[in-house]
Amino acid sequence: MRNREVAQVFDDIADLLEIKGEMIYRILSYRRAAEGIRSLGRDIREVWKEHALREISGVGEAIEAKIDELMRTKKLEFFEGLRKEIPAGLIDVLHVGDVGPKRAARFWRELDITTVPALEKAARGGRLRELSGMGAKSEARILQNIEAMKRRERGRISIGVALPIAEQLVARLKQLPGVEAVEAAGSLRRWRETVGDLDLLAASDAPGEVLQAFTSFPEVERVLGRGETKASVDLHSGLKAQLWVHPPARFGTALQYATGSQAHNVHLRELAQNRGLSLSEHGFKDSVGREILCPDEVKVYATLGLPWIPPELREDRDEIAAAAAGRLPRLVEESQIRGEFHAHTQWTDGASTLQEMAEAARQAGLEYLVITDHTQGLGMVNGLTPERLREQRRELDQVQARLGDSLRLLHGAEVEILADGSLDFDDRTLASLDLVAASIHTSLRQPREKITARLLAAIRNPHVDMIGHPTGRLVLGREAADLEVGPILEAAADHGVALEINAHPERLDLKDVHARQAWATGCLLAINCDAHKPEDFALRRYGVGVARRGWLPAEAVLNTRGVDQILTWLHGRG
DNA sequence: GCCGTTTTCGGCCCGACTGTTTTCAGTCG
């Protein structure tokens, strides 16, 4: 079983225990363990073989034994027992908005509802309001939430969709009178790869007016609720958005709170308690009720004796301990990116000419651009043969001549790693290139041993400088190839082969925890836009977000180097 | 069920909002 599947088992266990009415802290333990497994930069199967499961955050004696059982037998007696006791469809019912464990249990026990369709039918039939404590309004809300669930499919959307929508709302809020500051907080500010809903925060001393204006925005489809300090709405785009409004003097704690993550916040509040303080979005309070107000986040963390922690690190993945020990990394910034290693043109599946892509890269402020079109093995995109590659080289030289010193073009290729691990060009052709990036696009479902060996063969090929989108995953689509990540990272480090962080929001591959593990293993990383058209150079920020979530400093990221250093690096690789 | 520079047992964050309520339970973040 893979990390995601194991984590899912423990999340399901937590859901089932909640419906059962189990003690909340036992439930939280399963959720913490699930999160710890998801945050793991390594394959849990490798960790299991090393008998190191207890080192995973949130895994103790009992959960270690359960993982061991899962690994050995692919089953878990305890889980099977729970599923016999509680209908599995209730897990989906629990994920309907405004339905929590208490209501799910009552729907089941009192109305014999065990699936979302059954719940929908009962709501339409007016049967939910028969329950004590439920009325027509609750019934209508639940029905609306089921509708919303259908529209949004899996609940979360790509950051590439969410961020532009949020930016538009932020711009609109900033124009309102009496608004002193606006931030998109939540998982968006942490640059998570998917976003459940938008969390917006405004600083103002007139919250009522701001909330009134917000709920009247043209993007708003309907208002879900509006109180004195917060409102939540459904947007026409299908996203849910909520806005908190706090006075400027309290903006620091409010922003910190709204940014999360929840686990990070809980941890901070525990720290506050240790200092005899209570922390909420409104500020700190000491034991006699005296307040400490924080207009900015720096003061929030300083009050706890910590340096400010960048939002991208706030996942309760050891960042608080690192901050306390002065071990926080100095994270790479978008402004430090100086070049691009991955771009396509009309020679294969790009939308623009080489000249147009070069021009766009120059305008994006880049010092160098490596053209890396596909190779012949990828027939459907008209991959380059060695001859067409040589023709492309001539065009590249001509464009370079026109550009002069304003941008340095390098000739590379995104070479197919074939199903047997060999590359799609002969050695002489590979040697003629300035940079060889190797990628897997086909046969992604090969068994673990085979596809791992395939990637290892590519890494060990002396011509290969970089591996493109190493795991082949798509953020909301395709599962990563079944790779043994540990050995691959070690081989890349050994051979000095850089690993791509593909910045396209549909890929984001490597992902954050793998990027972190890669740098810890000694690999270099490259943040690449995989540009297929001029606008794609703007995708870089998503890749930088992943890199920062992966704790990467600038020195871990190859594109922070200038063109001379890159040429030296390539030359050193032969 | 996890965890320990105050603890190996007894803790484990804090508040807003809604709906159905005469004081609060449930859900959410």
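The sequence lines fix the lettering, A, B, ..., with proteins before strands; numbering per chain opens at 1.
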K.L.:
Quick check for you: among dG1(B), dG26(B), dT18(B), whose closest atom lies nearest to any side-chain atom of R26(A)?
P.N.:
dG1(B)
K.L.:
Return all side-chain donor-acceptor pairs below 3.5 angstrom for residues 163-176 of chain A, not counting sequence neighbours, or 'none' if the list is empty.
P.N.:
| unit_1 | atom_1 | unit_2 | atom_2 | d |
| --- | --- | --- | --- | --- |
| E167(A) | OE1 | R541(A) | NH2 | 3.3 |
| E167(A) | OE2 | R541(A) | NH1 | 2.6 |
| Q168(A) | NE2 | E219(A) | OE2 | 2.8 |
| R172(A) | NE | E219(A) | OE1 | 3.1 |
| R172(A) | NE | E219(A) | OE2 | 3.0 |
| R172(A) | NH2 | E219(A) | OE2 | 2.9 |

K.L.:
If you look only at pairs with a residue in residues 209-232 of chain A, which of them pass as a ring-ring contact (aromatic ring centres under 6.0 Å, His included), with sequence neighbours excluded?
P.N.:
F214(A)-F217(A)
K.L.:
Where along residues 264-290 of chain A does a heavy atom fall under 4.0 Å from DNA chain B?
P.N.:
V266(A), R269(A), E270(A), Q273(A), N274(A), S278(A), L279(A), S280(A), E281(A), H282(A)
K.L.:
Quick check: do L510(A) and V546(A) have side-chain heavy atoms less than 4.5 Å from each other?
P.N.:
no
K.L.:
Between F78(A) and Y30(A), how do the two ring planes meet: parallel, tilted or perpendicular, split at 30° and 60°?
P.N.:
parallel
K.L.:
For the pair made of CD1 in I24(A) and C1' in dC2(B), what is the distance, rounded to whole Å?
P.N.:
14 Å
K.L.:
Would you mind reading off the distance between Q256(A) atom CD and dC13(B) atom P, rounded to a whole angstrom?
P.N.:
15 Å
K.L.:
Answer yes or no on whether R83(A) is positioned over the face of F79(A), meaning its NZ or CZ is under 6.0 Å from the six-membered ring centre and within 45° of the axis.
P.N.:
yes
K.L.:
With a 4.0 Å heavy-atom cut-off, tell me which residues in residues 56-79 of chain A come close to DNA chain B, sorted by residue number.
P.N.:
G58(A), V59(A), G60(A), E61(A), A62(A), I63(A), K66(A)
K.L.:
Give the rounded distance in Å between these two atoms: NE2 of H95(A) and C1' of dT27(B).
P.N.:
13 Å
K.L.:
Using salt bridge (Lys or Arg N to Asp or Glu O under 4.0 Å) as the criterion, list what pairs up with D43(A), not counting sequence neighbours.
P.N.:
R45(A), R448(A)
K.L.:
Does dC17(B) have its OP1 or OP2 closer than 4.0 Å to a side-chain nitrogen or oxygen of R226(A)?
P.N.:
no
K.L.:
Identify which one of F251(A), W244(A), F284(A) satisfies the ring pair (Phe, Tyr, Trp, His ring centres under 6.0 Å) criterion when paired with Y257(A).
P.N.:
W244(A)
K.L.:
Between the side chains of R314(A) and S261(A), is a donor N or O closer than 3.5 angstrom to an acceptor N or O?
P.N.:
no
K.L.:
Tell me which of M134(A) and G227(A) sits closer to the 5' end of DNA chain B, going by the nucleotide each one is nearest to.
P.N.:
G227(A)
K.L.:
According to the Watson-Crick and G-U wobble definitions, with both distances under 3.5 Å, which nucleotide is paired to dT8(B)?
P.N.:
none
K.L.:
Please tell me if K230(A) has a side-chain N or O lying less than 4.0 Å from either OP1 or OP2 of dC28(B).
P.N.:
no
K.L.:
Under the salt bridge (charged side-chain N to carboxylate O under 4.0 Å, His left out) test against R549(A), which residue among E315(A), E312(A), E319(A) passes?
P.N.:
E315(A)
K.L.:
5'-most contact on DNA chain B: V96(A) or E139(A), nearest heavy atom basis?
P.N.:
E139(A)
K.L.:
Tell me what M23(A) touches on the nucleic acid: a base, only sugar-phosphate, or nothing, going by heavy atoms under 4.0 Å.
P.N.:
base
K.L.:
Side chain of Q262(A) only, heavy atoms from C-beta on: which candidate in dC13(B), dT27(B), dG19(B) is closest?
P.N.:
dC13(B)
K.L.:
Using a cut-off of strictly less than 4.0 Å between a heavy atom of the residue and any atom of DNA chain B, enumerate the qualifying residues of residues 27-51 of chain A by number.
P.N.:
S29(A), Y30(A)
K.L.:
Send over the distance from E18(A) CD to dG1(B) P, rounded to a whole Å.
P.N.:
15 Å
K.L.:
Examine dT20(B): is either OP1 or OP2 under 4.0 Å from a nitrogen or oxygen in the side chain of S132(A)? Give yes or no.
P.N.:
no
K.L.:
Say we look at dG26(B) and dT21(B): how far apart would their C1' atoms be, to the nearest angstrom?
P.N.:
13 Å
K.L.:
Is a donor-acceptor pair below 3.5 Å formed from side chain Y25(A) to base dG11(B), judging by atom type as modelled?
P.N.:
no
